[in-house]
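Below is one structure, written out as structure tokens; the observations come after it.
Everything numeric here is computed off the predicted structure, so don't read it as measured data. To find a chain, count down the sequence lines: A is the first, B the second, and so on, and within it residues start at 1.
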Number of protein chains: 2
Amino acid sequence: MTNFLPTLRALVRTYQAFDNFSERHIKSLGLTTGQFDVIATLGNTQGMTCGEIGEKTLMVKGTLTGVLDRLEAKGMIVRVENPKDKRSTLIKLTDVGEKTFQNTFQPHLEYLSQVFDKLSAKELQEIESQLQKLYQLF
Amino acid sequence: MTNFLPTLRALVRTYQAFDNFSERHIKSLGLTTGQFDVIATLGNTQGMTCGEIGEKTLMVKGTLTGVLDRLEAKGMIVRVENPKDKRSTLIKLTDVGEKTFQNTFQPHLEYLSQVFDKLSAKELQEIESQLQKLYQLF
DNA sequence: TATTGTTATACTCTATAACTATA
DNA sequence: TATAGTTATAGAGTATAACAATA
């Protein structure tokens with residue numbers, strides 16, 4: 001058993017530092033992580049079914065229903081009947097939701113870029129390729 | 001703004017893959033992540049105050065009280081008065097808790113090593129150093 | 001006055017399973 | 001029979017603030 005603990009700790013604490021940094025900003029925008037993920041997923045699309053959103057955001061359907069309820073209560077999404085399959089529902093951003101997307105997604109990327117822009121394209125590429133190597137093991 | 005999204009996605013999905021893999025095992029051992037973290041933190045120590053545990057596990061004190069309550073209910077920890085400071089409490093593993101530590105910590109490392117052992121020491125070192133680079137930015 | 005840990009409150013996510021309405 | 005989404009339930013972490021005991 002090689003000593004993988006330092007690598008493991010580096011992964012965990014790097015992710016946590018990122019998550020912390022990212023979440024603080026998202027909350028300041030008035031959204032939870034789950035809500036932001038849904039808004040970001042729906043942005044620039046014509047709408048999606050719950051199943052599709054669940055796949056992208058890795059939320060199970062029970063959780064997603066709750067997140068969608070809260071977004072609907074805020075007037076950011078609507079549920080409309082899916083003409084192709086009456087069992088399913090299409091989720092779309094409302095104008096308010098669209099505005100929220102514009103006001104959060106791009107600013108959030110810019111917020112994150114404060115950090116990532118300290119690295120060169122080459123460095124980013126190296127980090128990515130090392131992470132890929134690790135990812136592929138799981 | 002350089003395109004850091006691929007690097008970001010690699011970080012997030014690698015961590016999620018790890019977390020998923022790790023948590024599945026911890027749950028199969030009958031613990032939540034928070035409970036396991038506390039047990040792992042207390043293992044091989046003479047006990048710690050809540051404050052110290054909170055620092056190591058990154059839990060806020062309100063959360064920690066709940067986690068400790070559940071571990072106490074399982075008979076895995078005890079709260080004893082701290083002779084050095086009567087405001088604070090020392091948390092210690094009971095025999096049951098010690099046994100749980102033995103039965104989970106090492107096995108969990110071995111479970112994780114299934115994955116990490118596919119990499120050479122040099123590869124692990126490279127991944128770690130790239131993660132460090134990223135970590136330092138936050 | 002400041003700190004330690006508990007309590008209380010309210011929210012969100014998770015997991016699971018049962019349920020409905022369609023397919 | 002199978003699938004899409006909702007509902008119900010129970011559990012756990014999060015954040016915040018108020019509080020008692022002690023420093």
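- Contact annotation: Thr65(A) side-chain N/O to dG5(D) OP1/OP2 distance is not under 4.0 Å.
- Contacts of Lys61(B) with the nucleic acid, taken as non-hydrogen atoms under 4.0 Å apart, include base atoms.
- At a threshold of 4.0 Å, the pair Glu52(B)-Lys56(B) does not count as salt-bridged, since none of the basic side-chain nitrogens sits closer than that to a carboxylate oxygen.
- Nucleic acid contact for Thr32(A): sugar-phosphate only, since backbone atoms but no base atoms lie under 4.0 Å from a heavy atom of the residue.
- Following rounding to the nearest Å, Glu72(A) (CD) and dG5(D) (P) show an atom-to-atom distance of 14 Å.
- With contacts defined as side-chain heavy-atom distances shorter than 4.5 Å, the pair Ile77(A)/Leu42(A) qualifies.
- Among the atoms of the strands shown, only primed sugar atoms or phosphate atoms (P, OP1, OP2) are found under 4.0 Å from some heavy atom of Asp85(B).
- Taking atom CG on Asn82(B) and atom P on dA23(D), their separation rounds to 10 Å, with Å as the unit.
- Each of Val96(A), Asp95(A), Leu93(A), Val38(A) was evaluated against Met76(A); a single residue qualifies, Val96(A), per the side chain to side chain contact (heavy atoms under 4.5 Å, CB included) test.
- Atom C1' of nucleotide dG5(C) and atom CD of Glu81(B) are separated by 13 Å, given to the nearest angstrom.
- The residue Thr63(B) sits close to a base: some heavy atom pair falls under 4.0 Å.
- Toward the 5' end of DNA chain D, the nearer of the two residues Gln35(B) and Cys50(A), judged by each one's closest nucleotide, is Cys50(A).
- Ring pair Phe18(B)/Tyr135(A): centre-to-centre distance not below 6.0 Å.
- At least one side-chain heavy atom of Phe116(A) sits under 4.5 Å from a side-chain heavy atom of Leu124(A).
- Checking the phosphate oxygens (OP1, OP2) of dT6(C), no side-chain nitrogen or oxygen of Arg87(B) falls inside 4.0 Å.
- Remark on DNA chain C: of its neighbouring residues Gly66(A) and Gly51(B), the 5'-side contact belongs to Gly51(B), judged by nearest-heavy-atom nucleotide.
- Counting to the nearest Å, the C1' atom of dT6(D) and the CE atom of Met59(A) are 16 Å from each other.
- If you measure from atom CD1 of Ile53(A) to atom P of dC13(C), you get 14 Å, rounded to the nearest angstrom.
- The residue Ser88(A) sits close only to the backbone: its heavy atoms come under 4.0 Å of sugar-phosphate atoms, none of a base.
- For the OP1/OP2 pair of dT6(D) and a distance below 4.0 Å, the side-chain nitrogens and oxygens of Arg79(A) include at least one atom meeting the criterion.
- Across all strands shown, Thr33(A) has no heavy atoms under 4.0 Å from either base or sugar-phosphate atoms.
- Leu64(B) has its CG atom 13 Å from the C1' atom of dT14(D), to the nearest Å.
- For Leu90(B) and dG5(C), the CG to C1' distance is 12 Å, given to the nearest whole Å.
- dG11(D) atom C1' lies 14 Å from atom CG of Asp69(B), rounded to whole Å.
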